[in-house]
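Not measured: the values here are computed from a predicted model. We count ligands from 1, going down the list as the structure has it; atoms in each ligand are counted the same way.
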Amino acid sequence: MLTKKLQDALNEQINKEFFAEYFYLSMSAYLESIEMEGFANYFNVQAQEEHFHAMKMFNFVHDKGGRVILKALKEPKSEFTSVTNVIEESLKHERYVTKSINELMDVAIKENDHSVKSFLEWYVDEQVEEEATISRLLAKLKLINGEGFGVLTLDNQLGMRKYTPGT
Ligand code: OFO
């Protein structure tokens, strides 16, 4: 069983994970509109990962005998100013998610629910990896001033990213 407080907090996080999927799809759509198909593919894969994060939590709440309540998703931002701007926004968003996962972990600790704490460790670790990946991408873009042939090379590389279903 989950306490009401923990169930509500998990439901809120499920909404945030689905919003992240929506936000990354919006970034992907913008990138398609400026002919950056590789970057668009990168965010499309990212969106699929976020869907997995949401569903992993969705299934966990049920395994714990809880109730999932889906709330409305916010409208994601759809206009960006450049590829670099998209990457900056995604890094900002990942930092926000990290903070949110940490706060959720704080609730699990306060409610003394060891199974939720153990479950959330996966998300804590995942956030380290996600922030690192996007920070590196931003650093590379800054090196090439976010323009020219370097961006096209990066776009080609990112076009090769494929979604690998998580466990
Ligand atoms: Fe990229 O965040 Fe989900 O957890």
Engineer: Of the backbone and side-chain N, O or S atoms of E130, does one lie nearer to atom 3 (Fe) of ligand 1 than 2.8 Å?
Structural biologist: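 Given the 2.8 Å cut-off, E130 does not count as a ligand of atom 3 (Fe) of ligand 1.
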Engineer: So which of E126, H53, H93 gets nearest to atom 3 (Fe) of ligand 1, if we judge by its closest heavy atom?
Structural biologist: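 The nearest heavy atom belongs to H53.
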Engineer: May I ask you to decide whether E121 forms a salt bridge with K117, counting only side-chain N to carboxylate O separations under 4.0 Å?
Structural biologist: no
Engineer: Is there an N/O/S atom in E94 that lies less than 2.8 Å from atom 1 (Fe) of ligand 1?
Structural biologist: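 E94 does place an N, O or S atom closer than 2.8 Å to atom 1 (Fe) of ligand 1.
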Engineer: Using a strict cut-off of 4.0 Å, indicate which atoms of ligand 1 neighbour a heavy atom of E50.
Structural biologist: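 Heavy-atom distances to E50 below 4.0 Å select 1 (Fe), 2 (O), 3 (Fe).
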Engineer: Could you tell me whether K71 atom NZ has more than 12 heavy atoms of other residues or ligands within 6.0 Å of it?
Structural biologist: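 No, not enclosed.
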Engineer: Within the 4.0 Å heavy-atom shell around Q127, which atoms of ligand 1 are there?
Structural biologist: 1 (Fe), 2 (O), 3 (Fe), 4 (O)
Engineer: For Q48 and E21, does a side-chain donor sit closer than 3.5 Å to a side-chain acceptor?
Structural biologist: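 No pair is found: no donor N or O on one side chain lies under 3.5 Å from an acceptor on the other.
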Engineer: Tell me whether E17 has at least one N, O or S atom under 2.8 Å from atom 3 (Fe) of ligand 1.
Structural biologist: yes
Engineer: Are the aromatic ring centres of H93 and F19 under 6.0 angstrom apart?
Structural biologist: yes
Engineer: I'd like to check which ligand 1 atoms, numbered from 1 as shown, lie under 4.0 Å from a non-hydrogen atom of V97.
Structural biologist: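 Atoms satisfying the 4.0 Å criterion: 2 (O), 4 (O).
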Engineer: Walk me through it: do D113 and S115 pass the test side chain to side chain donor-acceptor pair (under 3.5 Å)?
Structural biologist: CA-CA 6 Å; D113 191 321; S115 64; 2.8 Å; yes
Engineer: Any idea which heavy atoms bring H53 and Y123 closest together, and the distance?
Structural biologist: O-OH, 2.7 Å
